[in-house]
Every structure is written in C-alpha cells, then in structure tokens.
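Since this is a predicted model, take the numbers as computed values, not measurements. We count ligands from 1, going down the list as the structure has it; atoms in each ligand are counted the same way.
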Amino acid sequence: MSNPIIADNKPKKVTLEKDKKYMFCACGRSNNQPFCDGSHAGTGFSPKSFVAKEDGHAFLCQCKHTDDAPYCDGTHSQFDKDQVGTEGPG
Ligand code: FES
C-alpha cells in the first residue's frame, strides 16, 4: 500500500448531523472530498466510517495525514500547495 494522496493542504469545513454515519475518504482519491466516492478501489485503502457526535460544523482532514481522522489535527501545515495531488514525501 502506498501513501494516501494529499487531496488538499487544508481541511474542509463541513456541516454534520448528530448520529448520522459518514464515510471519510482515507485514500485521498475521492472527487467528493472529504467523503468517500469509491475511488479507493484497488488502492488497499478503506474509507473510515464515523458517526457525528453533534450537529454542527467540523473541519475534516483533506491532507489525509492527520493522526485524528477524520478530523484535522494541523498536520497539513507541513505540506506545500505543490504537493497537493501527490503522495507527498515518503
Ligand atoms: S487537513 Fe489534514 S491535518 Fe489538517
């Protein structure tokens, strides 16, 4: 399995509904970021399902390197704009 694609070097602000289940894109290849669209097929990655704990906004990771998936933990600050769409450094 290779590294995930850096879909963007910033999180995406989304509106979540309490108790609703979502599928977070882990491979970085989805065209429906930050959510899964099935593009992980054949990559060895699987989407991460999660249930929103409350109604409201959340910042979900698009660099795919957070240690707190699906949420942004600030790790994206290490990626430059020109690394977007790539697997980044090793
Ligand atoms: S977008 Fe991935 S850690 Fe912020």
Side-chain angles (χ1 to χ4, degrees):
M1 186 166 86
S2 55
N3 291 318
I5 297 287
I6 299 165
D8 207 343
N9 64 344
K10 58 181 182 298
K12 177 115 174 214
K13 184 181 181 183
V14 297
T15 303
L16 302 179
E17 290 175 41
K18 185 179 190 312
D19 295 332
K20 187 172 173 180
K21 183 178 174 184
Y22 296 89
M23 298 296 273
F24 172 73
C25 167
C27 72
R29 289 162 174 80
S30 172
N31 289 312
N32 186 35
Q33 292 296 333
F35 301 110
C36 175
D37 75 350
S39 296
H40 60 274
T43 65
F45 285 94
S46 300
K48 178 183 173 71
S49 67
F50 71 101
V51 176
K53 295 192 181 83
E54 55 191 11
D55 284 325
H57 293 143
F59 289 88
L60 301 190
C61 173
Q62 296 193 102
C63 78
K64 309 303 174 185
H65 286 69
T66 179
D67 284 328
D68 189 28
Y71 303 102
C72 171
D73 72 352
T75 300
H76 63 267
S77 63
Q78 68 185 263
F79 300 119
D80 295 327
K81 197 73 186 163
D82 61 7
Q83 290 176 301
V84 172
T86 75
E87 294 184 4

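The closest donor-acceptor contact from the side chain of K64 to the backbone of N3 lies at 3.5 Å or more, if one exists at all.
Residue-and-atom listing of protein N/O/S atoms under 2.8 Å from atom 2 (Fe) of ligand 1, sorted by chain and number: C61 SG, C63 SG.
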Taking it one step at a time, do D37 and S39 satisfy side-chain hydrogen bond (donor to acceptor under 3.5 Å, both in side chains)?
CA-CA 6 Å; D37 75 350; S39 296; 2.5 Å; yes
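The side-chain heavy atoms of E87 and I6, taken from C-beta on, include no pair separated by under 4.5 Å.
Residue pairs satisfying the ring pair (Phe, Tyr, Trp, His ring centres under 6.0 Å) criterion with at least one member in residues 8-40, sequence neighbours excluded, are listed as follows: Y22-F35, Y22-F50. Evaluation of the ring pair (Phe, Tyr, Trp, His ring centres under 6.0 Å) test over residues 58-86, restricted to residues two or more places apart or in two chains, returns H65-F79.
In this view, K53 satisfies the side chain to side chain contact (heavy atoms under 4.5 Å, CB included) rule with no residue, not counting sequence neighbours.
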